[in-house]
Structures are given as C-alpha cells and as structure tokens.
There are 2 protein chains.
Amino acid sequence: MEDGTFESPGNCRYTEAGFDVKNWDTREDCEVRQILDRIADKWSLLVIALLDQCSMRFTELRREIDGISQRMLARTLRHLERDGLVKRTVHPVVPPRVDYELTPLGADLHSTIKALVTWTEEHRAQIAAARTAYDARTSADENAPAAATR
Amino acid sequence: MEDGTFESPGNCRYTEAGFDVKNWDTREDCEVRQILDRIADKWSLLVIALLDQCSMRFTELRREIDGISQRMLARTLRHLERDGLVKRTVHPVVPPRVDYELTPLGADLHSTIKALVTWTEEHRAQIAAARTAYDARTSADENAPAAATR
DNA sequence: CTGGATCCCCTTGGATACTG
DNA sequence: CAGTATCCAAGGGGATCCAG
C-alpha cells in the first residue's frame, strides 16, 4: 500500500467566496481570460498607464512608448476601445487629430491592476532570489544526480 | 493655425505615487512584465487557483484542468516553481508521487490577482455592452460612411 | 497624422512518442 | 505516475508600403 496510489482524495472544495474556480478561467467561456489576455498583451497595460495620466494623440503615444509599431498601437487601441476602456475622439481638422483617453471603466481597471504592479514591486527581490535558488539547484542536480531530491 | 498641430503639450507628468510609468513596464527591464506574462499565460492562473485550495499531484492537476497537455502542465509548473510561487515535493515511492502546493508567496500573489478577477466579474456586463456597442457602431459606419464621426 | 493591408518571422502551445 | 523530446500548426507582433 506504500505505492503512492492513495486514490484521489477528491475532498477538497474548489468553491470559495461564492465563485467556482473552474468557472472563471475555463478558456473560452468567461471574460476573465479575455480581460487577462488584453491587459497582459505586450502593450495594452503601458497604453492604459500612459492614458491614465492624461489624454494623448496617436503619435504622442507612439513616440512615448518607443518600440511599438504603428500597427500594434492601432490594434491595441482598437481592442481597448472595443472593450470600453478607452475613448477615441476624432477632430475633423486638416491633418487628422485623434485623441485617446481612458474611460471611467478603463481608469477603474487601471487602479485595480496597480495593486498587482505594486505587489510585484514589493516582491521582486523574493522572486529574483527564488529564481537564483532554483537555477542553482537545477545546475547542482546535473552534477549530483544521485542525491535525493530532498 | 487650425491644422491640428498644436505642438505637444509635454506638460503631463508620468510620475504618480512615487513610481515612473515608463519604468515599470518597459519590456525587458522590469519584473512586472515577467510576472504579468507568467500569470497571463494560458494555464498558470488556473493552476495557482487550484493549488490555492489544496496541494495536488501532477495527474490530479492534469485531470482537473481538462484540456491541458502534459507538456504545458510540466512547463507551467516548472515556471511557477522557479519563480518561487509553487513548491514541488517528490515522494520516493515506487510509482513516483509528486505533490505541488502554493508557497506563501504564491498564495499572496493569488490573493492579489483575485482582486482583478473580482473586478472582471463585476464589470463583465459593462464590457460586453461596450463590445456590442462598438461592433454596432463599426458596422453602422460601413453603411453610412458620409456621416460625421461625431 | 492616423491608420489599413501585406508579408514574414518567431514564439506559444498542442499532439505524439519515449524514458525512469 | 511523472515527466522529457520532437514535430508542427496558429497567432502575436514587427517592417514596410499605401490611403484618406
């Protein structure tokens, strides 16, 4: 009976505080995945952060972000606009002028995200230490494969 | 002078609450991007959420997640372990048994992320409405291209 | 100035097969 | 059971050209 096959406990509950874990990140169905993909894509968060300070035009954002392609900036802004996070205002002047600003929803999301940013700032040292330790452990295992893993 | 070229204001400050926006998401340098990429990848968040309930073994996670490949589960777990978010325990028994559990750091991160999840839950209706409105507006523009944008 | 359209590369991630 | 190694498809994202 010491073979590790204990039969799965199955007695742990996945519901907590009223929502089901399996239900808020099951890829296609829920919006959590959608929003997460949105804010985690390469540029959205940075755009939101910049627009939270003040409204900006397309080229201002482009110049400010440094490294983004116009294709990606346009795409990102369209996504954010579609989700109601950013408001786009077109001024009908000779050289087109378009201003982007955060909607209240976008500003609200940004303030929520900042908690995560703050967390990361506060724990960056722990994460870096964990990585260093892991890498050291890993390369050590290569040299001493016979040692017990623990 | 009505050509829209106002010369960029340049008078808006990007520093707020002590940190520089340009400095916490400039791709390569900061850990914010790293952590964000980690929790936003396809499976990490779900793994964290499940492990927050109780520790689980590899196959339990695999069976529970439904849709994940063993390659991705192994990869995800190794990443999480490297970042110090998940602890891996190998039991030297005949059929190998490996338990995964959240570290205090991982549990802490999860509780932070849950704020974002909660936000999404609360605003899913607004987002859905914004998308519907955007799509309607977009397709309407195709039918009435001559109308002023505002 | 503000994008859309195209081409192309590279990463992410799935499927499968193979070890210990 | 718990992975690793290999192959391959889909999509993200950059560069460039073009239009309103």
Side-chain angles (χ1 to χ4, degrees), chain A residues 2-8 27-28 33-34 36-44 46-47 55-81 86 88-100 138 141-142 145-146 148-149, chain B residues 2-8 27-28 33-34 36-44 46-47 55-81 86 88-100 138 141-142 145-146 148-149:
Chain A
E2 76 292 6
D3 57 9
T5 308
F6 296 36
E7 80 190 359
S8 338
R27 290 147 308 282
E28 26 279 338
R33 180 90 260 131
Q34 310 278 332
L36 208 50
D37 286 344
R38 178 75 55 249
I39 65 162
D41 70 18
K42 200 171 180 183
W43 305 109
S44 292
L46 191 45
V47 169
S55 76
M56 299 179 79
R57 345 180 9 182
F58 190 88
T59 305
E60 282 180 326
L61 284 167
R62 178 152 161 56
R63 183 174 44 243
E64 207 63 51
I65 293 184
D66 173 67
I68 195 172
S69 58
Q70 64 294 51
R71 172 182 143 84
M72 276 303 108
L73 180 54
R75 186 186 239 274
T76 300
L77 287 169
R78 271 185 296 111
H79 286 328
L80 293 174
E81 186 194 1
V86 159
R88 186 182 117 121
T89 309
V90 178
H91 301 282
V93 287
V94 182
R97 179 192 174 99
V98 181
D99 282 319
Y100 292 93
T138 299
D141 284 354
E142 292 170 1
T149 313
Chain B
E2 74 294 2
D3 56 9
T5 309
F6 295 38
E7 79 188 0
S8 339
R27 290 147 308 282
E28 26 279 337
R33 179 89 260 133
Q34 309 279 331
L36 207 50
D37 285 344
R38 178 74 56 250
I39 66 162
D41 69 18
K42 200 172 180 181
W43 306 108
S44 291
L46 191 45
V47 169
S55 75
M56 298 180 80
R57 358 188 345 190
F58 189 90
T59 304
E60 281 180 328
L61 284 167
R62 179 153 160 54
R63 183 173 44 243
E64 207 62 52
I65 293 184
D66 173 67
I68 195 171
S69 58
Q70 64 290 56
R71 172 182 142 86
M72 277 302 109
L73 180 54
R75 186 185 239 274
T76 300
L77 287 169
R78 269 187 294 113
H79 286 328
L80 294 174
E81 186 193 0
V86 158
R88 185 182 118 121
T89 309
V90 179
H91 301 280
V93 288
V94 182
R97 179 190 175 102
V98 180
D99 282 319
Y100 292 93
T138 300
D141 286 352
E142 292 170 1
T149 314

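Just so it is clear, the structure is predicted and the values come from calculations on it, not from any experiment. Each chain gets a letter, A, B and so on, in the order its sequence line appears, and its residues count up from 1.
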Look at the side chain of B:Pro96 and decide which nucleotide, out of D:dG13, D:dG20, D:dC1, has an atom nearest to it.
D:dC1
Phosphate OP1/OP2 of C:dC1: any A:Tyr100 side-chain N/O under 4.0 Å
no
A:Glu60 CD to C:dG3 P: how many Å, rounded?
13 Å
Ignoring hydrogens and angles, are the base of C:dG13 and the side chain of B:Arg71 linked by a donor-acceptor pair under 3.5 Å?
yes
side-chain N/O A:Arg57 vs C:dT2 OP1/OP2, d < 4.0 Å
yes
Would you indicate which nucleotide in C:dC1, D:dT4, C:dG14 comes nearest to any side-chain atom of B:Ser69?
C:dG14
Rounded to whole Å, the CE-P distance (A:Met56 to C:dG3) equals 14 Å
From CA spacing to verdict: side chain to side chain contact (heavy atoms under 4.5 Å, CB included), A:Tyr100, A:Glu60
CA-CA 10 Å; A:Tyr100 292 93; A:Glu60 282 180 326; over 6 Å; no
Which is more 5' along DNA chain D, the nucleotide nearest B:Gln70 or the one nearest A:Ile68? Just name the residue.
B:Gln70
Closest heavy-atom contact between A:Asp37 and B:Ala40?
OD1-O, 3.9 Å
What heavy-atom pair brings A:Ile39 and B:Leu36 nearest, and what distance separates the two atoms?
O-CD2, 3.8 Å
For the side chain of B:Phe58, counting heavy atoms from C-beta on, which of D:dG14, C:dT2, D:dA2 is nearest?
D:dA2
What nucleotide among C:dG4, C:dC1, D:dG3 has an atom nearest to a side-chain atom of A:Arg78?
C:dG4
Can you figure out which of C:dG13, D:dT4, D:dA2 approaches the side chain of B:Ala74 most closely?
D:dT4
Starting at CZ of B:Arg62 and ending at P of D:dC1, how long is that distance when rounded to a whole Å?
10 Å
Could you give the CE-to-P distance, from A:Met72 to C:dG4, as a whole number of Å?
11 Å
